[in-house]
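Labels below follow one simple rule: chain letters A, B, ... track the order of the sequence lines, proteins then strands, and each chain is numbered from 1. Heavy-atom basis, side chains included; hydrogens, waters and symmetry copies ignored.
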Amino acid sequence: MTLVIVLKRIGMAFVTVCLATVMTFILLRLTPGNAIDGWARDYATQFGITLEEAYRRIAAMINYNPNEPLHEQFIRYISGLLQGNLGVSMVYQQITVNSIIANAMPWTIFVATISLLISFVIGMLLGVRMAWKRNSILEPSVSLFTVITSAIPDFIFAILLLVVFAYGLDWFPVNGAYDPFVTPGFNIDFIVSVLYYAAMPILTFVITNIGGWALMMKGNAVSILGEDYIIAAKARGISDSVIMNRYVMKNAMLPMITMLAVTFGGMLGGATLIENIFQYPGIGYFLGEATRTRDYTVMQGIMLFLSVTMIVANLIADLVYSKLDPRIKVEG
Amino acid sequence: MNENNIIEIRDLSIEFKLRSGTIRAVDHVSLDIPKGKVTALVGESGSGKSTLASAILNIVSAPGTIKNGSIFLNGEDILRYNANRLRHYRWSDVSMVFQAAQNALNPVMRIGEQMIETVLAHKKMGKPEIIEKASQLLDYVRLEPGRVLKAYPHELSGGMKQRVMIAFSLLLDPQLVILDEPTTALDVITQDYIFDILLKVHKEMNITMLLLSHDISVVARVADRIGVMYAGKIVELGETFEMFENAKHPYTAGLIQAAPSILDDVSENKSIKGSSPNLLNLPTGCAFHPRCEFSTDLCKLEQPRAISVGKDRLAACHLNEKGEMLA
Amino acid sequence: MRGMIDFFRIICHNKRSFIGLIILVIFILMATVGPFVFKLNMTVDYNNRYLTPSFEHWLGTDFAGRDTFIQLVHGSKEVLLVGLLAAFFTLFVGALLGTISGLVGGRLDAGIMLITNLFLTIPSFPILIIMAAIFSIRDPISFALVLSAWSWPGLTRAVRSQIISLKERDFIVICKVMGMSKPHIIFKELMPSITSFLSISFIMTMRGAITGSVGIMMLGLAPYSPTNWGQMLNLAISQTGGIFNPLGFIYLFSPILCLALFQLGSIFFANGIDEALNPRLRG
């Protein structure tokens, strides 16, 4: 029963990955022809080869030759992907897209995960307390905070933080992922430096996400508090703190787990602007660079990678949710 | 305080502040719950019996508040307990099987975990001992302990959940178990089954019970004493047998007549005419007078007081004051 | 007509939605009447760079001596036009596909939902900027098309579920039994029931499109209008060093403030519509 469902979900995810692949292929086909024509002409004169030979070599580098028939283009593209080869950057022809992603992705994942965890946990706690003590000052203040933070887009927050804390007060660095004078590796200096440089991007995400989590959690918690099993637990002499943590928290939190994946995806997307503002060398920064320089292979590779990441994140959230919530198993 | 009583409720009033006005769900009620007996409270929904029962555990839910009165346990007023004392009192002295027992369990915890959690909230005890005690009780209510302890609430049927709740209520050997409509939402056969178990629990374990129901015929099978509630007041109180023989309040008489019985001819059953009172706008005088066939001008003007109408019997009806007896 | 009066009565009755309405009206006036009142002059005047606010220049001047306030007014026209068009395109596609999917059901529904879900699992902002890079954006219409290309799926899904739940409601079933024609049921019975939802979606989509457009412009990917707030932000950051130059702060912060105020107005107003048109929340 459950195994069938898991396999079904994985199958669906696989289909989506395939469709996403086709989509990025179409994306590359939309590349203005002259981008590659120009490159081929430069290449031919630079190495003293024929234009045809230049096209062939470029095709080998980026898995794409606009002069071939469509189905051959597609086969070339897919076979390149199956070998795990996303080609080289069209702007920096020595650098592979794989290496750009491999270097940039950890930073983005790091910032997104930490921000997600911090905002989720704080939002949870705020939401439950708002529901628990209805008439405290907490509720209006969190609501106001949420209205303000949802009115201001996250990249605007990034600019404000940059102006105030980095340029104005000089508390935080204005660009980079770590101090260039620290040796990267597993040492305290490096870790501290990484956290220090990531602080502002993380703060941006946390501020813009807390309110949403808190309100969602409050909504869930209020309806849970009206459930019979809360009164029943009180009657059994279970203490308030246990009721809040083990009853209200857990029941209200479970439906939000699938939202985690959606938000994570949103953060990966939103990272483009925020990483560009903080000049933080994550995937979004390179995507921004690639679009500015019209580096189509990098755009395509990052796009495909982001899509697959998101599909996998959704799949994991789905599976984890059905594992955690005992009520789901029967319904499937 | 009478030694034979576990709980003595004195002059208890509970109000609900709603936007459209204040409802007095329980109106100056006094009631004793004698040791070793099954006391029943009968009344339509909205008569205040559930609210009264939740007050015994001091879990009246918002917007309800206890306005005045006392609830004595061994001479101490539980309404004046501090938070910690109250938490310890709940379930270890008085436990409850809820009306919506289907939803009284945390859906994301296994039954066993919830039982362990409940015991540990009251005393230090090893987990194996708790499991053993819980298994005995589950076995007692004719459930398979091995399976049920590991189950989540949604994996059990309604009747099974009800029996789990009965076992649950006995977990800390309470002095009193409150049963709030323990068989509503169950089919007739399961209802009988549950009552068999409850009678067994009462007889073999000598557990005092307070049974709440809207159906006087169901209650008659198990209760030693019955209190009839109407519009937040106890209108009649007495031994089950005597009450059925000779009801001292027209409402009680009506309930008995309306109740289906295998002895009676169905065609003779007649329900009480009129509808349950609007608590926001109660009639003057006796709250029952608009539905009462014996009502007089006095009934419209003056609220009847509860007076003794025999050994351990009380009734609040002007007819009794005049010495008239009901048929 | 009575309906409209009622509608505005409810909007004005609710403090939040009233504030939202006022904010939106101010912005609409700014975008429609504003450009005729304040004439834009984009010639560079280095003698008057970074002027502080005065009677002549209400918000001072920018890095090239041009009036900040007038740029802001002309920018509002650009921003609102793009947002309006994008919301219109999104609503059209989303409502159409959602209604078809919900009404027809079966294979067509499954197909539409598969594509919708695919679009939903692909992160929207990255694809937006890639599309902005591929189709070079030169005018508001192409910009709006790019912005709406990835915003319809969420709406499609929401409209579909609304339609499906409505289909089962009694009054629709009764209409069917009474033998009313399909177009009648769709346009006279179903559509009015989801107007409140659609109008809220319209405002919220517009809000999202404006955020997206400003973001894309900030990255310099749609450089067709120098007065668009996003382009002003881009210039404030890239050209003038507005971030570290306190003299450029007004030029940097004025589009930010306008953007935030507009968003706030939309949120408040959408809440108001929800209450005005949604019978469940009224009373």
Checklist entry - Looking at A:V147, A:L268, A:V15, A:I302, which has the largest count of heavy-atom pairs under 4.5 Å with chain C? => result A:V147

Checklist entry - Mind checking what makes side chain to side chain contact (heavy atoms under 4.5 Å, CB included) contact with C:V79, not counting sequence neighbours? => result C:I210, C:N228, C:W229

Checklist entry - Side chains of A:M267 and A:N209: closer than 4.5 Å at any heavy-atom pair? => result yes

Next on the checklist: Under a 4.5 Å cutoff for heavy-atom pairs, which residue among A:T24, A:I156, A:I152 has the most contacts with chain C?
Outcome noted: A:I156

Checklist entry - Of all residues at least two apart in sequence or in a different chain, which pass the ring pair (Phe, Tyr, Trp, His ring centres under 6.0 Å) check with C:F119? => result C:W150, C:W152

Next on the checklist: What's the separation between atom OG1 in A:T204 and atom OH in A:Y280, rounded to the nearest 0.5 Å?
Outcome noted: 11.5 Å

Checklist entry - Is any residue of residues 255-265 of chain C within less than 4.5 Å of chain A by heavy atoms, and which ones? => result C:I256, C:L259, C:A260, C:Q263, C:L264

Checklist entry - If we only count heavy atoms from C-beta on, is the A:F74 to A:V22 side-chain gap below 4.5 Å? => result yes

Next on the checklist: Other residues, nucleotides and ligands only: do more than 12 of their heavy atoms fall within 6.0 Å of CZ on A:F145?
Outcome noted: yes

Checklist entry - In chain order, what residues pass the side chain to side chain contact (heavy atoms under 4.5 Å, CB included) check against C:I267, with sequence neighbours excluded? => result A:S150, A:A151, C:M204, C:R207, C:N271

Checklist entry - Taking every heavy-atom pair that is under 4.5 Å apart, which of C:I115, C:L114, C:L118 has the most such pairs with chain A? => result C:L118

Next on the checklist: Please classify the contact of C:T211 with chain A as side chain, backbone, both or neither, using a heavy-atom distance under 4.5 Å.
Outcome noted: both

Item to check | Interchain contact, A:I283 with chain C, by part (heavy-atom threshold 4.5 Å) | outcome: neither

Checklist entry - Counting only heavy atoms not in A:I10, do more than 12 sit closer than 6.0 Å to its CD1 atom? => result yes

